[in-house]
Trainee: 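I am attaching a structure below and will ask some questions about it afterwards.
Residue numbers start from 1 in every chain, and the chains themselves are labelled A, B, ... in the order their sequence lines are given, proteins ahead of strands.
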There are 2 protein chains.
Amino acid sequence: MDSFTRLSRRPSLADDVSQKLSRMILEGDLAAGEQLPTEQSLAESFGVARTVVREAISRLKHDGLVDSRQGVGAFVAEPSARSAFRISPACFEKRQKLLEILQLRTGITSEAAGLAALHRSDADLDFMEKSYRDLESSLFKGDEGTEKHLLAERAFYQRIAEASGNQYIIEFLSMLDTRIDMELRSVAIKNARVTEWNSEVLAEHMAVLEAIRRQDENAASQAVRYHYTLAAQRLADRADLADT
Amino acid sequence: MDSFTRLSRRPSLADDVSQKLSRMILEGDLAAGEQLPTEQSLAESFGVARTVVREAISRLKHDGLVDSRQGVGAFVAEPSARSAFRISPACFEKRQKLLEILQLRTGITSEAAGLAALHRSDADLDFMEKSYRDLESSLFKGDEGTEKHLLAERAFYQRIAEASGNQYIIEFLSMLDTRIDMELRSVAIKNARVTEWNSEVLAEHMAVLEAIRRQDENAASQAVRYHYTLAAQRLADRADLADT
DNA sequence: TGTCTCCATGTTGTCTGACAACCTGTTTTT
DNA sequence: AAAAACAGGTTGTCAGACAACATGGAGACA
């Protein structure tokens, strides 16, 4: 319900301006090194106060999209100066973009599994086995399984990320998975009875678990890659995603 | 020289405030859901004007660290609401953190190589072969090789990322590699004559190139993982990184 | 008593104007 | 010709005001 209020809240003027400006830079309307219009003229052309423009540009500076010098002006920064990585929420809803995001996740999770195989504790393994059993039971329960399934799978792979011991991997996967799950959930709701691959999927997860159990780094990372690649193909085969 | 001017330029007040606030949130001094002090009181306690505080909070909102509601207040957002991934520049200089960043890169580049093997064009392959030859010659030229070596290696792997056809992978690796290279360069300058592994390193690159040439997805991704894992070990073995 | 309306209060969102700090090119002075 | 002072423009910071909005409480009413 909180997400509802957030979605329905109208964006601030600074949101609008920063989005428009960053779009201009990302799409190349403003070339690297080029000088931005002055804050005053931006304020006039957008029809807002200078404080709003400043908040927007402040965000761009923080992302390394813009570099400003007092007394001179603000300039589009070199692409190599980018200091933040973000994915527009809209991209998670676009079929093609989502598949690319899944590929990115595959690489990182695969690495996480390899590291987890090396560094896992017994408690990590216990937790993963428990999550696996949840996964198993959720898969044999027909329709309502999908929601539970997503939860169990998330718990399983999140623990793998944590067992990797790599703080950046944990954070980044958490950010990606949260929004991927959100999107997958809305897809899953539309057609809930996709249970034809159950035993295959389960075997793929099991392969991951087994590799981590016996601390086989390469096998673990390959098992994750194998599962996620197939999962992406299964998703791509379904026709209920927007084609945009 | 531009980087010099940037580094020496004194940070704005908004930079300071946003850094302090985000630190407080990331380190857990402010729990999720907790209400931030009012802009007025923050302005007083930091000794700045309210506009400065607003610019800082505007950044935090953009990163999904804070969520504000007009008429009510600003609140620390749930970790699951994070919408941007950033790595503090200081972390690239810390031995342990840098190694974790390298692991993250390994996973993504490995995935990129697999995709590149599938989707590469002939032009991609030509470019990679040329970069490989540059790599080869730079490795057999003694001291000054390190700088050229870094450049050639960067070109090689950057082209792999581009050949993957995945925009997110391209952008993210570009961001990571730019800053990793910057750090590696400063290390390489300090002791330039590390040439003992030359033939091994070259063989590792060659394995990547060959796998992509014959479009062997798994071999390509494993070859990258193999090289980068060893590269990280070689770096870790060197004692000239700060231990912090 | 219980409920509903209205309002006072506090907070964020936006606007305006002003001045400081700084850079650049021009003019003036030496 | 070189150096110094000046003028104009831009970003950085400050202060104050009002609008938009949410909340809780006082009071009216059933």
Trainee: Would you grab the first and last nucleotide of DNA chain C (5' to 3') that comes under 4.0 Å of any non-hydrogen atom in chain B?
Mentor: C:dG10 to C:dT14
Trainee: Under 3.5 Å, is there a donor-acceptor pair between the side chain of B:His119 and the main chain of B:Leu115?
Mentor: yes
Trainee: Holding to side-chain hydrogen bond (donor to acceptor under 3.5 Å, both in side chains), I want the full list of residues that pass it with B:Thr109, two or more places apart in sequence or in another chain.
Mentor: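 Per chain and number, B:Thr109 pairs via side-chain hydrogen bond (donor to acceptor under 3.5 Å, both in side chains) with no residue.
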Trainee: Contact list please: residues 45-59 of chain A against DNA chain D, heavy atoms, distance less than 4.0 Å, in numerical order.
Mentor: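 Of all residues in residues 45-59 of chain A, the ones placing a heavy atom under 4.0 Å from DNA chain D are A:Arg50, A:Arg54.
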Trainee: Do we see a donor-acceptor contact under 3.5 Å between the side chains of A:Ser131 and A:Asp134?
Mentor: no
Trainee: Once rounded to the nearest 0.5 Å, what's the spacing between atom CG of A:Leu21 and atom CG of A:Leu65?
Mentor: 9.5 Å
Trainee: Salt bridge (Lys or Arg N to Asp or Glu O under 4.0 Å) with A:Arg54: which residues, sequence neighbours excluded?
Mentor: A:Glu39, B:Glu55
Trainee: With no hydrogens and no angle check, do the side chains of A:Thr178 and A:Arg154 hold a donor and an acceptor under 3.5 Å apart?
Mentor: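 The criterion, which ignores hydrogens and geometry beyond distance, is satisfied for A:Arg154 and A:Thr178.
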Trainee: Pick out which of A:Leu150, A:Ile101, A:Leu173 makes a side-chain contact (heavy atoms from CB on, under 4.5 Å) with A:Ile180.
Mentor: A:Ile101
Trainee: Which nucleotide span of DNA chain D, 5' end to 3' end, has atoms closer than 4.0 Å to non-hydrogen atoms of chain B?
Mentor: D:dT13 to D:dA22
Trainee: What about the rings of A:Tyr132 and A:Phe127, do their centers lie closer together than 6.0 Å?
Mentor: no
Trainee: B:Phe85: which residues meet the ring pair (Phe, Tyr, Trp, His ring centres under 6.0 Å) condition with it, sequence neighbours left out?
Mentor: A:Phe172, B:Phe172
Trainee: So, B:Gln96 versus B:Glu100: side-chain donor-acceptor pair below 3.5 Å or not?
Mentor: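 Checked: B:Gln96/B:Glu100 side chains pair up, N/O donor to acceptor below 3.5 Å.
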